[in-house]
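Inspection log for the structure reproduced underneath, given as structure tokens.
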Amino acid sequence: PGFDGVPYQQNHWPNASSLNSPSTRPTPIHFTAPLTGPEYDTAYKQFAFENDLPRIEAADLGGSCVRTTGAGCTNPPPNDDGQPVFYPYFTQLHNCSFVEGGNFGTGNSFGGSSAAEFGPLYFYTVWLAGGGGATQVRTNNYNSGPHSISSCENH
């Protein structure tokens, strides 16, 4: 169940050196803040980051995350030796575009790590299938809560 593969090795993700110069790393994917409105030219006022590590780390997939309490849930996730590994995060650049990878050294990296960016466990109540109306509190995600993108209006 450990996160040991290539996707969890920091040296395989884009970073600041891959933005504007040749690098052994891939170039990052740039994307703009999502837009809304009749002409799709108005930025949303807020957004949130979310990842599904609790679901991936759940016991039914061989992990140790107890999704009803949050015990054993980790961000960043562990390798087979129980040590934390790299988990990519986003940076908002000064032109309001976003990139995903490691440290880009410019713009807003929302704390500069997956733990800081994706925030605490997000608990919610679900109906239990066949439970006759019974519910259960569960987590499948980390969620940052709202971030403002008001500085990106009309970009």
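Values in this document were obtained by computation on a predicted structure and should not be read as measured data.
- Contact of the Asn140 side chain with the Arg67 side chain is registered, since non-hydrogen atoms from C-beta on lie closer than 4.5 Å.
- Rounded to the nearest 0.5 Å, atoms OH (Tyr87) and OG (Ser113) are 13.0 Å apart.
- Nearest heavy atom pair, residue Pro76 against residue Pro84, reads CG-CB, 3.8 Å.
- Shown here for Ala48 and Gly145, the closest heavy-atom pair between the two residues is CB-O, 3.4 Å.
- Scanning for ring pair (Phe, Tyr, Trp, His ring centres under 6.0 Å) contacts around Phe49 gives Phe47, Phe90, Phe110, His147, with sequence neighbours left out.
- With contacts defined as side-chain heavy-atom distances shorter than 4.5 Å, the pair Glu57/Asn75 does not qualify.
- Residues Ser114 and Pro88 come closest through the heavy atom pair CB-O, 4.4 Å.
- For the pair Trp127 and Thr135, the tightest heavy-atom approach, listed with the atom from each and the gap, is CE3-CG2, 3.7 Å.
- With rounding to the nearest 0.5 angstrom, the OG atom of Ser97 is 12.5 Å from the CD1 atom of Ile29.
- Annotation: the span from Ser109 atom OG to Phe104 atom CZ amounts to 10.5 Å, rounded to 0.5 Å.
- Remark: side-chain polar atoms of Asp4 are paired, donor with acceptor, to backbone N or O of Asp80 under 3.5 angstrom.
- Under the 4.5 Å side-chain criterion, counting only non-hydrogen atoms from C-beta, Ile56 is not in contact with Pro77.
- In this structure, a donor-acceptor pair under 3.5 Å is absent between the side chains of Gln136 and Thr68.
- Expressed to the nearest 0.5 Å, how far CG of Leu53 lies from CZ of Phe3 amounts to 5.5 Å.
- For the atom pair Tyr124 OH and Arg138 CZ, the distance stands at 6.5 Å (nearest 0.5 Å).
- Judged purely by atom type and a 3.5 angstrom limit, Thr36 has no side-chain atom pairing as donor or acceptor with the backbone of Thr42.
- For the pair Asn79 (side chain) and Asp81 (backbone), a donor-acceptor distance under 3.5 Å is present.
- Val126 and Leu121 sit in two unconnected hydrophobic clusters of ILVMFWY residues. Membership requires side-chain heavy atoms under 4.5 Å apart, directly or through other members.
- Considering only heavy atoms from C-beta on, Pro14 stays 4.5 Å or farther from Val99 through its side chain.
- You'll find the ring centres of Phe118 and Tyr142 outside the 6.0 Å limit.
- Atom-to-atom distance recorded for Thr139:OG1 and Tyr122:OH is 9.5 Å, nearest 0.5 angstrom.
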